[in-house]
A.B. asks: 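Can you read through this structure? Questions will come right after.
When a ligand or atom number is given, it counts from 1 through the structure's own listing order. All values derive from a computational prediction rather than experimental measurement.
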Amino acid sequence: MESGSYDRQRGALIVLEGLDRCGKTSQSSRLVSHSREKRIFCRIMKVSGQNRQCWGDDICLSFQQITAGRSNNSTAFQCQSLGEEVLLMESKLKSGTTLVVDCYSYSGVAFSAAKGLDIEWCKAPEIGLLAPDPVVYLDIPPEKAAERGEIMDMSDMSSLSFK
Ligand SMILES: Cc1cn([C@H]2C[C@H](O)[C@@H](COP(=O)(O)OP(=O)(O)O)O2)c(=O)[nH]c1=O
């Protein structure tokens, strides 16, 4: 990605993944600010699970984020909207906007699989998503993340098994 590129080159699809409170939101904001300073069109894309919300002029999409226990209906609902979401992303990227995505599909699949669902089943609804350029995984010990705020029940975390 070149600086000074207010041009028609495709934007990059940058994905940040990691535990809650690992710093995805902070780093997304810094990345967008830095990119804009370099005259690169850049927007944050928030993933909100089942709900669509807009955050200022940023884009919020609701990708399928299956978690163990969600009903088939909610999965079906999200899959239906996937097509238009992909089209929106595609159009933004093609017009030269770089998208910074705070959690894409990987975290939803990982959490669902860690809770015992078949990983191939978890991945199946993700078919059709655009492939990210870089995926940046922010690593943090769960205990450290928990110190940063009330995020999740650590006893629940300890029962998960990530591969
Ligand atoms: C990146 C970072 C965040 N924080 C704090 C700021 C926030 O209150 C909290 C969570 O950061 P945040 O960026 O919101 O994490 P995520 O989007 O992954 O959930 O942690 C630190 O204390 N130190 C750091 O280095």
A.B. asks: Backbone, side chain, both or neither: what part of Leu19 comes under 4.0 angstrom of ligand 1, heavy atoms only?
C.D. replies: backbone

A.B. asks: Evaluating non-hydrogen atoms only, which member of Lys144, Arg30, Arg21 is closest to atom 8 (O) of ligand 1?
C.D. replies: Arg21

A.B. asks: Is there a donor-acceptor pair closer than 3.5 Å between any side-chain N or O of Arg36 and the backbone N or O of Cys42?
C.D. replies: yes

A.B. asks: Given 3.5 Å as the limit, does a donor-acceptor pair link the side chain of Glu17 with the main chain of Tyr104, or not?
C.D. replies: yes

A.B. asks: Restricting to side-chain contact (heavy atoms from CB on, under 4.5 Å), what partner residues turn up for Glu147, sequence neighbours left out?
C.D. replies: Lys144

A.B. asks: Run the salt bridge (charged side-chain N to carboxylate O under 4.0 Å, His left out) test against Glu37 and tell me which residues pass, sequence neighbours left out.
C.D. replies: none

A.B. asks: Assess whether side-chain contact (heavy atoms from CB on, under 4.5 Å) is satisfied between Leu99 and Met89, documenting all intermediate values.
C.D. replies: CA-CA 8 Å; Leu99 300 177; Met89 281 179 68; 4.1 Å; yes

A.B. asks: Using a plain distance cutoff, I'd like to know if Asp20 has any nitrogen or oxygen under 3.5 Å from a nitrogen or oxygen of ligand 1.
C.D. replies: no

A.B. asks: Is there a polar contact between ligand 1 and Gln27, counting only N or O atoms under 3.5 Å apart?
C.D. replies: no

A.B. asks: Taking the non-hydrogen atoms of Gly18, is any one of them nearer than 4.0 angstrom to ligand 1?
C.D. replies: no

